[in-house]
Amino acid sequence: MIRPSREPRIDPALRRKIAAHLATNYDTTAPNTLKFVPSTVTEWGKLKILNGGDLIGSQNLNSRRSHGHDKTFVKARAAHANNPTTLLTTQTTVRLEVDQNHRHKNLQAVFKEQTYYGQVVHFMALQLPPTCPFAEIDPDHPRQPRALVLAAIAPIKPTPPNEFGMPSYMNLGPIEVVDASTIRCVVGRVYDRRVWTILERGTVIQTFNTTAAA
């Protein structure tokens, strides 16, 4: 995590989203996790993916000049069995393991990995209290739970892809909270006729080569 940073009070709606994320991760209910979510959180402006990965910014703590690159749009992988459409409104690419039997509660969960896009609005370091029964213990500080690094992402509401099969959207959906480690890379965007098109490095190169060969 990279500065700027601050320690604001958590908005009640965002606090409930954090509780819902914890409930999914630890197989419990949101009311059980909400009481352990602190009222303040350390918010960071940027996250650097290790081993030569991208530097990603959060929309809330980074001002972007009109001619600058927006590095808040990302690609990520996450697991979400209960609501397969939750992240359809972010500006990141998020790969989700979706329970295909979520509408049939009596059937065994069947997970299928999917890819979504969204915008990182917040990067947060969340410190759960020592009394939290499901928190992971920090091996370097045995009396203190390991801090959780979370991302709040606003997903895209997809529109039909363009002629090259590239994903596109016009609006974003409500923020969802995911583990920041699920983010894989930054993606670009192009705006044309009221529609944003998502650009990935490999997709752009492949499209250019296909067009040039035609």
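Here the structure is a predicted model, which means the values were calculated and not measured.
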Side-chain heavy-atom pair Pro133, Phe36 within 4.5 angstrom cut-off: yes
Are the side chain of Arg184 and the backbone of Ser181 linked by a donor-acceptor contact shorter than 3.5 Å? yes
Give the minimum heavy-atom separation between Pro174 and Lys17, together with the two atoms involved. CB-NZ, 4.4 Å
Under 3.5 Å, is there a donor-acceptor pair between the Thr182 and Asp179 side chains? no
Checking the side chain of Gln144 only, and the main-chain atoms of Asp138 only, is there a donor and an acceptor separated by less than 3.5 Å? no
How far does OG1 of Thr42 sit from CD of Glu7, to the nearest 0.5 angstrom? 4.0 Å
According to a 4.5 Å side-chain heavy-atom criterion applied to Ile, Leu, Val, Met, Phe, Trp and Tyr, with indirect links allowed, do Phe134 and Leu34 form part of one hydrophobic cluster? no
If you compare all heavy atoms of Pro139 against all heavy atoms of Arg146, which two are closest, and at what distance to 0.1 Å? CD-NH2, 3.4 Å
Smallest separation among heavy atoms of Pro158 and Tyr169, with atom names: CA-CB, 4.3 Å
Can you tell whether the side chains of Lys71 and Asp54 come within less than 4.0 Å, N to carboxylate O? no
Decide yes or no for Ser58 and Trp44: does some side-chain heavy atom of the first lie under 4.5 Å from some side-chain heavy atom of the second? no
If we only count heavy atoms from C-beta on, is the Met124 to Leu14 side-chain gap below 4.5 Å? yes
Is the shortest heavy-atom distance from the side chain of Arg189 to the side chain of Thr197 under 4.5 Å? no
Hey, what do you get for NZ (Lys35) to OG1 (Thr131), rounding to the nearest 0.5 Å? 9.5 Å
For residues Cys185 and Ile49, report the shortest heavy-atom separation together with the two atoms involved. N-CD1, 4.0 Å
Looking at Lys46, I want to see if its NZ is surrounded by more than 12 non-hydrogen atoms of other residues, nucleotides or ligands under 6.0 Å. no
Quick check on side-chain contact (heavy atoms from CB on, under 4.5 Å): which of Asn25, Thr28, Thr24 does Thr33 satisfy it with? Thr28
Rounded distance [0.5 Å steps], OG1 in Thr72 versus CG in Leu61: 12.0 Å
Does any non-hydrogen side-chain atom of Leu22 lie less than 4.5 Å from one of Leu148? yes
With a 4.5 Å limit on heavy-atom distance, are the side chains of Leu126 and Pro38 in contact? yes
Output yes when a side-chain donor or acceptor of Asn62 lies under 3.5 Å from a complementary backbone atom of Gly45, and no otherwise. yes
Compare all side-chain heavy atoms of Ile18 with those of Leu150 and state whether any distance is below 4.5 angstrom. yes
Take atom CG in Asp27; do more than 12 heavy atoms of anything else shown fall under 6.0 Å from it? no
Test Val121 against Ile153 for side chain to side chain contact (heavy atoms under 4.5 Å, CB included), laying out the working first. CA-CA 6 Å; Val121 181; Ile153 295 176; over 6 Å; no
What verdict does the side chain to side chain contact (heavy atoms under 4.5 Å, CB included) test give for Ile56 and Ile183, after you've listed the backbone C-alpha separation in whole Å, the side-chain angles of each residue and the deciding distance to 0.1 Å? CA-CA 9 Å; Ile56 302 165; Ile183 296 175; 3.2 Å; yes
Rounding to 0.5 Å, atoms CD1 (Ile10) and CZ (Arg16) come to a distance of 12.0 Å
Side chain to side chain contact (heavy atoms under 4.5 Å, CB included), that's the test. Do Met1 and Val149 meet it? Break it down for me. CA-CA 9 Å; Met1 305 286 272; Val149 181; 3.5 Å; yes
Taking the side chain as every heavy atom from C-beta outward, state whether Met170 and Lys157 have any pair of such atoms under 4.5 Å apart. no
Any donor-acceptor pair under 3.5 Å linking the side-chain atoms of Ser168 with those of Thr159? yes
Could you check Asn60 against Arg6 for side chain to side chain contact (heavy atoms under 4.5 Å, CB included), going step by step and ending with a plain yes or no? CA-CA 11 Å; Asn60 199 48; Arg6 63 174 189 167; 2.8 Å; yes
So which atom in Pro145 and which in Pro129 form the shortest heavy-atom distance, rounded to 0.1 Å? CG-O, 3.5 Å
Nearest heavy-atom neighbours spanning Ala30 and Ala23: N-CB, 3.5 Å
